[in-house]
There are 2 protein chains.
Amino acid sequence: MRSYHQRCALAKALDVVGDRWTLLIIRELLIRDACRYTDLLNGLPGIATNLLAERLKELEAAGLITREDEPPPIATKVLRLTSRGKELAPAIAALGWWGRPLLAEDVDNDAFRDHWVILPLRQYVRDRSPGARPITLALRLGKEHVTLETASDGSVRVQPGNPTRRDALIDGEPGTILALLSAKVSLAAARAKGVRFEGDPKILRRFGSKYTSGVVHDSENVHGRS
Amino acid sequence: MRSYHQRCALAKALDVVGDRWTLLIIRELLIRDACRYTDLLNGLPGIATNLLAERLKELEAAGLITREDEPPPIATKVLRLTSRGKELAPAIAALGWWGRPLLAEDVDNDAFRDHWVILPLRQYVRDRSPGARPITLALRLGKEHVTLETASDGSVRVQPGNPTRRDALIDGEPGTILALLSAKVSLAAARAKGVRFEGDPKILRRFGSKYTSGVVHDSENVHGRS
DNA sequence: CGGCATCCACAGTGATACTG
DNA sequence: CAGTATCACTGTGGATGCCG
């Protein structure tokens, strides 16, 4: 991208990440941490492959990503965000938060990838009993496996992949799982929308949204075991 | 801009504000609140006038800005952010914060407008004695006049324009004033860099950065009256 | 297959000139 | 003052080709 040539922090940031596709590439890398070129192509429906190659070069030159050969088991180069790249997380979170009301538009024509839900999960879901025993939750969204772990400070780690040990399993559509874990919807309602739940439903009481009171679990838990 | 057609809040946000120049236009409107077309042209060095016209149409259609005729004294149409548009402030702040380390680059070739400093002022400067008597500070940056008012909650209102009543006046270069008000630099050091200060230097103790301890005022205040 | 490079039609951009 | 018109140029998206 051409520089704006303005002595302004916002303009300087946009000089680096203001190009088309750039922030979406960062989004993918924030979700996955380690990525192959093809993973990015899959996660960015609509991007032209030459454009992805070009952007990756620019991002590497700007110090936001690294591409490294991995030890023998892995044949391909792996792309990662540098710490400087990861520092974009708050900005991406803020933009995504602003964009939430727009999600209703164009629902049917839009492409969707199950792992995209990891970003809002990280952002909204909190542990409502930080002191209690740590919990590991396995999510299954289509073919995507996601691990959710409570930390001691009330935050919740959300990463792609399957956990070795789990306290419960939720299987269903991304939107419904997000609603369930941010306590916008009861387990009964989620089940009505096709969610499968394995484990003790009480575990769900641990989770709520950072932004709403989220009392649905408690009042409707009686229906949970149906 | 072409839509990304992805069911993702970030992609949806970028569908609206991801175009070149768009976020910088929002920046200008966040700083000034009410703007004429020409004010924007002046505040966005490098933009082509047809591009600005086109972006403004898009932003109006997206519900981020309004353009209205004003009552008789004002002959021209005035552009304002809608509440939805103002909600971009946190995202712009986050991006600007990320971009700060890049400000060192290209210092001499970059265009600069004095009022741009209002955004970082709003973001970093805080009132360290929220309980104390409210303070109004007048800033003069080149030809730009800025008013700074402490609120009761420790925040500081920063707006363009000259206050009717003021407790003190600071006149100097934007960067130096920003450093002074975020307590990165003592009054003596600021004066050495050409800052003119009228009023009781003790007032400066009220101000510090949200992100650093900022103890410069206290330890060096003895030199302030030189 | 993963990771690009090349080519091309076209949409977006920037500089300037012009208009009500 | 607030744009529109024009036009050369650059960036983008899609297809396809190449190479280990």
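No experiment lies behind these values; they were computed from the predicted model shown. In what follows, every heavy atom counts, from backbone to side chain, and hydrogens, waters and symmetry copies are set aside. Here is how names work: the chains are called A, B, and so on, in the same order as the sequence lines, proteins then strands, and each is numbered from 1.
- Partners of A:Glu28 according to the side-chain hydrogen bond (donor to acceptor under 3.5 Å, both in side chains) rule, which considers only residues two or more places apart in sequence or in another chain, are A:His115, A:Trp116.
- Rounded to a whole Å, the CG atom of A:Leu79 is 13 Å from the P atom of C:dG2.
- Nearest to the side chain of B:Ala53, among C:dC4, D:dG3, D:dG14, sits D:dG3.
- Between A:Arg55 and D:dT12, a side-chain N or O to OP1/OP2 separation shorter than 4.0 Å is present.
- Under the 3.5 Å distance criterion, with hydrogens and angles disregarded, no donor-acceptor pair is assigned to the side chains of B:Gln123 and B:Arg100.
- Among residues two or more places apart in sequence or in another chain, the side-chain hydrogen bond (donor to acceptor under 3.5 Å, both in side chains) test is passed with B:Asn42 by none.
- Listed by chain and residue number, nothing satisfies the side-chain hydrogen bond (donor to acceptor under 3.5 Å, both in side chains) test with B:Thr38 (two or more places apart in sequence, or in another chain).
- Computed from coordinates, the A:Leu41 CG to C:dA5 C1' distance equals 14 Å when rounded to whole Å.
- Not a single salt bridge (charged side-chain N to carboxylate O under 4.0 Å, His left out) links A:Asp15 to another residue, sequence neighbours left out.
- A sub-4.0 Å separation between OP1 or OP2 of D:dG20 and a side-chain N or O of A:Lys77 is absent.
- Going from atom CD of A:Glu54 over to atom P of C:dC4 covers 13 Å, rounded to whole Å.
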Please output the side-chain donor-acceptor pairs of residues 51-66 of chain A that fall under 3.5 Å, not counting sequence neighbours, one pair per line with the distance.
{"unit_1": "A:Arg55", "atom_1": "NE", "unit_2": "A:Arg20", "atom_2": "O", "d": "2.8"}
{"unit_1": "A:Arg55", "atom_1": "NH2", "unit_2": "A:Arg20", "atom_2": "O", "d": "3.4"}
{"unit_1": "A:Glu60", "atom_1": "OE1", "unit_2": "A:Arg67", "atom_2": "NE", "d": "2.8"}

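- Remark: A:Asp153 engages A:Ala151, A:Ser155 in a side chain to side chain contact (heavy atoms under 4.5 Å, CB included) (not counting sequence neighbours).
- Residue A:Arg2 places no side-chain N or O under 4.0 Å from the OP1 or OP2 atom of C:dG12.
- Not counting sequence neighbours, the partners of B:Thr136 by the side-chain hydrogen bond (donor to acceptor under 3.5 Å, both in side chains) test are B:Arg165.
- Shown for residues 42-52 of chain A: residues whose heavy atoms fall under 4.0 angstrom of DNA chain C, namely A:Thr49, A:Asn50.
- Residues from residues 5-24 of chain B lying near DNA chain D, meaning a heavy-atom separation below 4.0 Å, are absent.
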